[in-house]
Amino acid sequence: MRAAPTILHLDMDAFFAAAEQAAKPSLRGKPVVVGGLGPRGVVATASYEARRFGVHSAMPMGQARRLAPNAAYLVPRFAFYRSISEQVMELLGRLSPLVEPLSLDEAFVDLEAGGLADDSAGARGVGERLRADILATTGLTGSVGLAGSKMIAKIASEEAKPDGLVIIEPGTERELLGPRSVRILPGVGPATGEHLRRAGMTTVSDLTEAGEDELVRLLGRAHGASLYRMAQGYDDRAVVAERDAKSVSVEDTFDVDLHDRVRIRTEVERLADRCVARLRASGHSGRTIVLKVRRYDFSTLTRSETLRGPTDDAMVVREAAGRLLEAVDTTGGVRLLGVGVSGLADYTQEDLFAQAEEERAAGAEADAGAGQPVGGGGGAGEPEPGGAVELAVERRWAPGHDVRHAVHGAGWVQGSGVGRVTVRFEEPWSAPGRVRTFSVDDPELEPSEPLPLVRKECPAGA
């Protein structure tokens, strides 16, 4: 425990929803909900305006729509959020060599290691400058907590929300924690909280009064001893600059249960390809392939296979996931599938046999397709009549995503259906824009990259 509040915790305010409001002037001050929009989607983030209706993260989207029927419901744009996160993390990196990101919108910073603060006044000054720099760089707000430990700094940032700064002085931890719910402590989730409630412990002071021996009896030695220390305000966890990823995975929840075995296999292969793409982007390879299947009755099965060496080969991962699927009973339907790779390494020991097999398969496909006209009919290189229309109908316009029209400029999708797409044309620095509707196959309408939230001023005379 430190004598000065030099551990900083930053938590961006309603990050995904706030980024959407900053990008879309017409949504500012209005309830915005970001998440999966299908029947089984869940809320990723709700703006503060939406939270007043009771909408919160991890809530089923159907329930959110009932609580806030007039809110704007948008599909997440993770590449956009990641680009903003990189700007924020760069600002944090200027404060200290010890920055521990927890997610895209949250991180710990050791100010002492950066030599910028050694007392409360210095820490407050750093925190206020950081908030101002984040606003100037991204147009968004973040809340800052400062304390002598990670646990208390995180509690402080929660108390600072939204758009504030709170310092909790070292030495006041027990007084602060005593009346709070046990759920405020790290490691106490719904199950542990309920277990403690049944034992008559609902506040942190109840834990300290019960004593370490009783908590060890209830929760086991490691968890019980750790929880007792935290209940007394002790948390000596260091800020760790890099948190090594233990696995890479992707999963999809389906609006309607999948029953067809061929379709299920196809989805598993698609997930394997996405997982490998993410694996390669992180610069890793892995030895253990994991398949996750959630069935119609919500029972979840996990199967894994460990290879003889790490790989980032898509065919190897697809084949392993397929073998794992063969051992799973999907009778009755599947509502969720996931593919992951664990046992990560920073290098790849290539499976030469699988690679050779992939090359042979590619060659066979090329031979089989030689001399065949594109589309299976008509002249060589010419699509079948109606082919262009068929492709246009398949265009999908996700609510909230950016577009650009050849005449009207930059905008974003408000909604689409029955062959039409509605677009609001506005920019982050403009007034709320006008709405126009187009055919989904309008050749003048194209997907676009997001605009920056803060407009860069051109130098004088440029």
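Count residues from 1 along the sequence.
T306 and T288 are linked by a side-chain donor-acceptor pair at a separation below 3.5 angstrom, with hydrogens and angles left out of the test. Side chains of H9 and E158: no donor on one and acceptor on the other come within 3.5 Å. Between the side chains of R294 and T300, at least one donor N or O lies within less than 3.5 Å of an accepting N or O. Side-chain contact annotation: D11 with S143, donor-acceptor N/O pair under 3.5 Å absent. No side-chain donor from either of D442 and S439 sits under 3.5 Å from a side-chain acceptor of the other.
Comment: K150 does not engage D235 in a salt bridge, judged by the lack of any side-chain N to carboxylate O separation of less than 4.0 angstrom.
Heavy-atom minimum distance, L451 versus P428: CD1-CD, 3.8 Å. Heavy-atom minimum distance, R287 versus P310: CG-N, 3.4 Å.
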Under the salt bridge (charged side-chain N to carboxylate O under 4.0 Å, His left out) rule, what do E427 and R455 come out as? Steps first, then yes or no, please.
-> CA-CA 10 Å; E427 297 174 332; R455 192 172 196 173; 5.4 Å; no

Salt bridge (charged side-chain N to carboxylate O under 4.0 Å, His left out) evaluation trace for R197 with E194 = CA-CA 5 Å; R197 187 193 67 79; E194 177 61 19; 2.7 Å; yes

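Legend: residues meeting salt bridge (Lys or Arg N to Asp or Glu O under 4.0 Å) with R66, ordered by chain and number and at least two apart, are absent. D133 is linked by a salt bridge (Lys or Arg N to Asp or Glu O under 4.0 Å) to nothing, counting only residues two or more places apart in sequence or in another chain. Residues meeting the salt bridge (Lys or Arg N to Asp or Glu O under 4.0 Å) test with R261, sequence neighbours left out: none. For E159, the salt bridge (Lys or Arg N to Asp or Glu O under 4.0 Å) partners at least two apart in sequence or on another chain are R180.
Residue pairs meeting the salt bridge (Lys or Arg N to Asp or Glu O under 4.0 Å) criterion with at least one member in residues 71-90, sequence neighbours excluded: E20-R77, R77-D402, E90-R94. Pairs engaging residues 11-50 under the ring-ring contact (aromatic ring centres under 6.0 Å, His included) rule: F16-F78, F16-Y81 [sequence neighbours left out].
Just one residue in the list Q21, R28, K30 forms a side-chain hydrogen bond (donor to acceptor under 3.5 Å, both in side chains) with E49, and that residue is Q21.
By the 30° and 60° cut-offs, the orientation of the rings of F438 relative to F425 is perpendicular.
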